[in-house]
2 protein chains.
Amino acid sequence: MIYTLKQFAEMFNTTEHTIRYYTDINLLPCQRDKGNRRIFNDESVNWMQGIACLKGCGASIEDIKEYCELCRLPESKETLYARYQIILRQREQAYKRVEDAKATAAYMDEKVQHYEQILSGLIPDDSNPENWTEDTRPKKH
Amino acid sequence: MIYTLKQFAEMFNTTEHTIRYYTDINLLPCQRDKGNRRIFNDESVNWMQGIACLKGCGASIEDIKEYCELCRLPESKETLYARYQIILRQREQAYKRVEDAKATAAYMDEKVQHYEQILSGLIPDDSNPENWTEDTRPKKH
DNA sequence: CATTGACTTCGAGTAACTCGAATTTACTAT
DNA sequence: ATAGTAAATTCGAGTTACTCGAAGTCAATG
């Protein structure tokens, strides 16, 4: 299966500009069709998945590039081990992000409660739709 | 209690440069001593806590500034409600971040497993301490 | 009185996009 | 064959949120 730039960008919820940028800096290699247009295939999808994930860990473009280059090198015990080490380190960061995000969310819950307490004391004008708000709390599944 | 720039930056695990930047753009107001040096107090700590938290939600400096300015305005039903709306929206983002980080961490767990499987097949040289690695999985408390 | 250390301003640099203008290409309709 | 449209191209400039370093100021200490 092959994808145009537009399709590819949509698949990853990003912009054509960003994908173009990634290919320009050789982070994400791509083929060109006879009209010089970028085309992507299922292998590109795999690479991009890895890139997106490392980005999610907070890795810099340079770090991600380093990892991708290790992956393109002939596979040896050493390169595999180096890749493993990078992945281990980035997983740490991912877990740290979970904890940070949880703490932030908890603090925001407090703030929401605080405002709700104050606002409830202000005899809200419930007849005014501008004062209506949905329950926006994250649903527990 | 008052704090110097250095102390204040350390409290928030950031750099003096960043705090200087925040004061320069009027995101975080500060007093000056007779020698024109920036000084911070407990109120600054509160502001900075709020700023750090909104940043943790992914809010832009401009958005945070807008919120801070609403907080400095005379308190009315309207300004309070506007602040509440911002906090609600940012809490959403915080919860989204938790989910994203969790998904990323899970994907990284898979990658780690994948590498461990491959590497375990390579008859590791356990006598070489360079091949030893600690258990770096996040501890469940 | 000289040195140290922490501060000051200011201007330039960086990462990772982000945008837009001008151009090229492929397709489709007349 | 031509005209129009949509989607691609390159390239250079702009943006955000820092990040760094140079050059200068100020107060306390040896």
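Lettering follows sequence order; numbering is per chain, from 1.
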Novice: Do B:Asp100 and B:Lys96 meet the salt-bridge criterion of a basic N to acidic O distance under 4.0 Å?
Specialist: yes
Novice: Atom CD of A:Glu16 to atom P of C:dA16: distance rounded to whole Å?
Specialist: 22 Å
Novice: Scan side-chain atoms only and decide if A:Thr104 and B:Arg97 contain a donor-acceptor pair under the 3.5 Å cut-off.
Specialist: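 No pair is found: no donor N or O on one side chain lies under 3.5 Å from an acceptor on the other.
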Novice: Under 3.5 Å, which donor-acceptor pairs link side chains of residues 48-65 of chain B to any protein atom two or more places apart or in another chain?
Specialist:
| unit_1 | atom_1 | unit_2 | atom_2 | d |
| --- | --- | --- | --- | --- |
| B:Ser60 | OG | B:Glu62 | N | 3.4 |
| B:Ser60 | OG | B:Asp63 | N | 3.1 |
| B:Ser60 | OG | B:Asp63 | OD2 | 3.4 |
| B:Lys65 | NZ | B:Ile25 | O | 3.0 |

Novice: Given atom CD of A:Glu10 and atom C1' of D:dA7, what is their separation to the nearest angstrom?
Specialist: 12 Å
Novice: What is the distance from CD1 of A:Ile19 to C1' of C:dT18, rounded to the nearest Å?
Specialist: 14 Å
Novice: When you compare the protein's N or O atoms with those of nucleotides 18-22 of chain D, which come within less than 3.5 Å of each other, and at what distance?
Specialist:
| unit_1 | atom_1 | unit_2 | atom_2 | d |
| --- | --- | --- | --- | --- |
| D:dC18 | OP2 | B:Tyr22 | OH | 2.6 |
| D:dC18 | OP2 | B:Lys55 | NZ | 3.4 |

Novice: Is there a path of hydrophobic side-chain contacts, each under 4.5 Å between heavy atoms, that joins A:Ile2 and A:Tyr22?
Specialist: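 In one cluster with A:Ile2: A:Tyr22, no.
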Novice: With a 4.0 Å cut-off on heavy atoms, is A:Ile25 in touch with a base, just the backbone sugar-phosphate, or nothing at all?
Specialist: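 Nothing, no heavy atom under 4.0 Å.
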Novice: Check whether any side-chain nitrogen or oxygen of B:Thr4 sits under 4.0 Å from OP1 or OP2 of C:dC7, and answer yes or no.
Specialist: yes
Novice: Checking contacts here: which listed nucleotide (D:dA7, D:dT9, C:dT8) is nearest the side-chain heavy atoms of B:Arg38?
Specialist: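 That would be C:dT8.
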Novice: Can you measure A:Ile39 atom CD1 to D:dA8 atom P for me and round it to whole angstrom units?
Specialist: 12 Å
Novice: Expressed as a whole number of angstroms, how long is the span from A:Phe40:CZ to D:dA8:P?
Specialist: 10 Å
Novice: For B:Gly35 and B:Ala59, take the nucleotide of DNA chain D holding the closest heavy atom to each; which residue's nucleotide lies nearer the 5' end?
Specialist: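 Here B:Ala59 is the residue nearer the 5' end.
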Novice: Under 4.0 Å between a side-chain nitrogen and a carboxylate oxygen: does that hold for A:Arg83 and A:Glu75?
Specialist: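 A:Glu75 and A:Arg83: salt-bridged.
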Novice: Please state whether the phosphate of D:dA7, meaning OP1 or OP2, lies under 4.0 angstrom from any side-chain nitrogen or oxygen of A:Arg37.
Specialist: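 For D:dA7, OP1/OP2 do not have a side-chain N/O of A:Arg37 under 4.0 Å.
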Novice: So, is A:Arg32 near the phosphate of C:dT24, with a side-chain N or O under 4.0 Å from OP1 or OP2?
Specialist: no
Novice: When you compare the side chain of B:Leu27 with that of B:Tyr21, does any pair of heavy atoms fall below 4.5 Å?
Specialist: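 Contact flag for B:Tyr21/B:Leu27 side chains = no.
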Novice: Figure out the CG/P separation between A:Asp33 and C:dT24, and round it to whole Å.
Specialist: 17 Å
Novice: B:Asn36 has an atom CG; how far is it from atom C1' of C:dA6, in whole Å?
Specialist: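 Rounding to the nearest Å, CG of B:Asn36 and C1' of C:dA6 are 14 Å apart.
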Novice: Quick one: A:Asp24 CG to D:dG12 P, roughly how many Å, whole number?
Specialist: 12 Å
Novice: So, A:Glu99 and A:Tyr95: side-chain donor and acceptor under 3.5 Å apart, yes or no?
Specialist: no
